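Below, all heavy atoms of this structure are taken into account, side chains as well, without hydrogens, waters or symmetry copies. All chains are named by letter (A, B, ...) in the order of the sequence lines, taking the proteins before the strands, and each is independently numbered beginning at 1. The model shown is predicted, which means the values in this text are computed figures rather than measured ones.
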Amino acid sequence: MLDIKLIRQNPDLFRNDLQNRGGDPSQIDRILEQDVKRRELITRGDDLKQQRNQVSKELGQKKKAGEDISEASAQMRKVGEEIDALDVQINQLEADQKSILECLPNPAHDSVPPGKDDQANLQIRTWGAVETRPDPLPKAHFDLGEELDIIDFKRAAKVSGSRFWVMKGAGARLERAIATYFLDQHTLHHGYTEILAPSLVQKEALYGTGQLPRFEEDLFKCQDSSLYLIPTSEVPITNLHAGEILEMEQLPIHYVGYSPCYRSEAGAAGRDSRGLIRVHQFHKVELVKFTTPETSFEELEKMVADAEKVLQGLEIPYRVVKVCLGDLGFTAALKYDIEFWSPAQQRYIEISSCSNCTDFQARRAGIRFRRAPKSGPEFVHTLNGSGLAVGRSLVAVLENHQQPDGSVNIPKVLQPYMGGLTSLTRAQLAAK
RNA sequence: GGAGUGAUGGCCGAGCGGUUUAAGGCGCACGCCUGCUAAGCGUGAGGGUCCAAAAGGCCCGCCUGGGUUCGAAUCCCAGUCACUCCGCCA
């Protein structure tokens with residue numbers, strides 16, 4: 001949600017931002033027109049209310065004194081009707097204004113590169129060696145998974161339909177090992193507090209983090225209870241502090257949460273239709289921070305570094321890109337994606353997305369802090385980032401650590417979580 | 001699923017039609033006072049709007065939305081959420 005006062009002060013900034021990302025800049029002018037009218041009506045209404053309050057008070061005393069107040073009452077009744085009429089207009093204007101405001105995206109940070117889509121994202125750095133044009137081409141994770149009998153897409157489809165998966169034996173354990181490794185790293189070494197939160201939330205929470213009202217079609221909604229399945233644990237975790245005023249000493253807050261994520265993938269028909277890359281349910285370890293406005297960009301850099309470290313631990317080549325304007329999304333002012341190298345697809349695939357949402361979510365969810373006990377509350381900045389997507393991490397491990405004989409080496413950092421297993425082979429797994 | 005209770009400021013908590021500008025308390029900050037600390041006294045801490053800004057004024061604000069009234073935290077209706085007891089259940 002944007003601040004109407006900021007728009008009033010600097011309309012060009014918002015017009016330009018909308019223009020740059022292909023929006024309609026005239027929405028800003030429409031809002032400003034409504035705003036002028038709204039304020040005019042408020043001033044008129046407030047004058048009448050003052051009059052009513054004063055006269056009503058006097059009437060109370062007169063009535064007590066036994067005077068006849070019927071004439072003055074009737075007159076005030078008319079004032080009351082006038083006030084009601086003005087309030088109706090004001091409410092309508094505010095509702096109109098809000099419905100535009102709540103669908104306008106967070107303006108981009110100055111450093112965000114221009115561009116329409118992910119093609120224009122700016123590569124910041126790479127890590128690890130990438131082998132281009134290998135011969136033969138390494139196997140895709142879905143083939144490997146089925147050959148090793150650790151992922152079963154057919155039976156998943158039988159039970160739940162397309163875009164689902166079933167993990168089995170060492171595959172299920174590997175998924176669990178990856179998640180536990182991520183959580184241990186972030187809690188023990190990176191200073192995050194672990195949160196295990198509900199994966200069903202009310203619509204207010206989704207409004208707070210910006211999924212609603214604009215992106216309802218991406219969500220799964222329960223039919224009988226008005227609850228939604230979360231698309232990411234950013235939703236419950238960021239909303240933990242909704243409506244709160246935090247103390248300065250509490251900041252920054254660092255949370256890490258593990259949860260299932262549910263996405264309807266509406267409009268994604270045909271894209272990444274095989275395998276684990278684009279599915280209706282996956283698991284994710286999510287990093288969430290609440291910071292002061294002056295430290296949020298610095299904290300974003302640290303968050304990206306924390307996510308990179310666990311990927312480095314898995315010995316996966318990757319790159320970090322700064323996401324361009326057109327690909328930035330709704331809530332982020334600045335966003336970095338981490339993309340692992342898929343040797344089978346010979347391309348980089350997103351495995352983490354780290355965003356500084358500045359005060360955009362904080363304003364929607366009412367998350368504030370006090371700089372000093374006597375000062376007025378200000379909105380915090382919220383950040384979130386994957387640290388990392390677990391299913392895609394499993395893809396990265398399978399594809400990057402496969403051996404010519406069809407086996408897959410398990411990265412050292414995961415071995416303690418795999419009950420001593422150091423590699424996945426068909427024979428070895430069959431024996432287990 | 002059944003029965004009940006409740007939702008008031010940073011927190012606790014009173015008020016149940018008009019001296020409430022939301023009592024009182026706690027916590028916090030600043031100021032005064034004071035060898036120091038404590039105590040005491042004072043001030044301050046939600047949103048909107050007017051004024052170029054500050055100072056200040058006014059309006060709103062007691063879960064949300066409607067209604068009754070000259071006047072609603074208070075009365076009426078609907079909804080949301082929370083809690084308690086019983087039943088069922090991993």
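B:rG13 and B:rC26: their C1' atoms are spaced 10 Å apart (whole Å). Taking the C1' atom of each, B:rA82 and B:rC63 are spaced 10 Å apart, rounded to whole Å. Annotation: B:rC12 and B:rG6 have their C1' atoms spaced 16 Å apart (nearest Å). Taking the P atoms as reference points, B:rC60 lies 12 Å from B:rG71, given to the whole Å. Spacing between B:rA45 and B:rG2 at atom C1', rounded to whole Å, works out to 46 Å. Distance noted for atom P between B:rC62 and B:rU43: 26 Å (whole Å). Using P as the reference atom, B:rG65 and B:rU80 are 15 Å apart when rounded to the nearest Å. For the C1' atoms, the distance linking B:rC86 with B:rC28 amounts to 44 Å, nearest Å.
Ring geometry for A:His186 versus A:Tyr192: interplanar angle over 60°, hence perpendicular rather than tilted (30 to 60°).
Of the charged side-chain nitrogens involved, none lies within less than 4.0 Å of a carboxylate oxygen, so that A:Lys335 and A:Asp327 do not count as a salt-bridged pair. Using a 4.0 Å cut-off between charged side-chain N and carboxylate O, A:Asp359 and A:Arg363 make a salt bridge. Salt-bridge annotation for A:Glu102 and A:Arg214: absent, with no side-chain N of the basic residue lying under 4.0 Å from a carboxylate O of the acidic one. Taking 4.0 Å as the cut-off between side-chain N and carboxylate O, A:Glu286 and A:Lys284 count as a salt-bridged pair.
Computed from coordinates, the A:Glu249 CD to B:rG27 C1' distance equals 13 Å when rounded to whole Å. Remark: P of B:rC58 and CG of A:Asp46 are 11 Å apart, rounded to the nearest angstrom. Between the CD atom of A:Glu244 and the P atom of B:rA45 there is a distance of 22 Å, given to the nearest Å. With rounding to whole Å, A:Ile83 atom CD1 is found 11 Å from B:rG71 atom C1'. When the P atom of B:rG66 is taken as reference, atom CG of A:Asp84 falls 11 Å away, rounded to whole Å. Summarising the geometry, the separation between CD1 on A:Ile42 and P on B:rG61 is reported as 13 Å, rounded to the nearest angstrom. A straight line from CD of A:Gln61 to P of B:rU20 spans 12 Å, rounded to a whole angstrom. One atom, CD of A:Glu40, and another, P of B:rU49, lie 14 Å apart when rounded to the nearest Å.
Proximity of A:Arg52 to the phosphate of B:rG71: a side-chain N or O atom is located under 4.0 Å from OP1 or OP2. At B:rU80, none of the side-chain N or O atoms of A:Gln202 fall inside 4.0 Å of OP1 or OP2 (strictly under the cut-off). Within the structure, a side-chain polar atom (N or O) of A:Arg77 is placed less than 4.0 Å from OP1 or OP2 of B:rU69. In terms of phosphate contacts, A:Arg370 brings no side-chain nitrogen or oxygen within less than 4.0 Å of OP1 or OP2 of B:rA45.
Across all strands shown, B:rU84 is found opposite B:rA3 as a Watson-Crick or G-U wobble partner, with both distances under 3.5 Å. B:rU43 and B:rA29 make up a base pair, with Watson-Crick or G-U wobble contacts both under 3.5 Å. B:rA55: no Watson-Crick or G-U partner with both key distances under 3.5 Å is found in any strand. Taking a pair to require two hydrogen-bonding distances under 3.5 Å in either a Watson-Crick or a G-U wobble arrangement, B:rC70 pairs with B:rG18. Pairing partner, B:rG65: B:rC77, with both Watson-Crick or wobble hydrogen-bond distances short of 3.5 Å. Across all strands shown, B:rG24 pairs with B:rC12; the Watson-Crick or G-U wobble distances both stay below 3.5 Å.
Set against B:rC58, B:rG18, B:rC50, the side chain of A:Thr43 has B:rC50 as its closest nucleotide. Relative to the side chain of A:Met76, the nucleotides B:rC70, B:rU21, B:rU49 differ in distance, and B:rC70 lies closest. Closest to the side chain of A:Lys63, from the set B:rU49, B:rG47, B:rG18, is B:rG18.
The residue A:Lys5 sits close only to the backbone: its heavy atoms come under 4.0 Å of sugar-phosphate atoms, none of a base. No contact: A:Asp47 has no heavy atom under 4.0 Å from any strand. Residue A:Arg363 is classed as having no contact, given no heavy-atom separation below 4.0 Å to the nucleic acid. Note on A:Arg38: only backbone sugar-phosphate atoms sit closer than 4.0 angstrom, heavy atoms only; bases stay farther off.
Between A:Asp3 and A:Gly80, the residue anchored nearer the 5' end of RNA chain B, judged by the nucleotide with its closest heavy atom, is A:Asp3. Comparing A:Ala72 and A:Asn91 along RNA chain B, the residue whose closest nucleotide (by nearest heavy atom) sits nearer the 5' end is A:Asn91.
Tested against A:Arg371 for a salt bridge (Lys or Arg N to Asp or Glu O under 4.0 Å), the candidates A:Glu247, A:Glu249, A:Glu294 yield a single pass: A:Glu294.
Within a 6.0 Å radius of NZ in A:Lys322, more than 12 heavy atoms belonging to other residues, nucleotides or ligands are found.
Both tests hold for A:Arg364 against A:Tyr207: distance to the six-membered ring centre under 6.0 Å, angle to the ring axis within 45°.
Taking only distance into account, the side chain of A:Asn53 never meets the base of B:rG71 through a donor-acceptor pair shorter than 3.5 Å.
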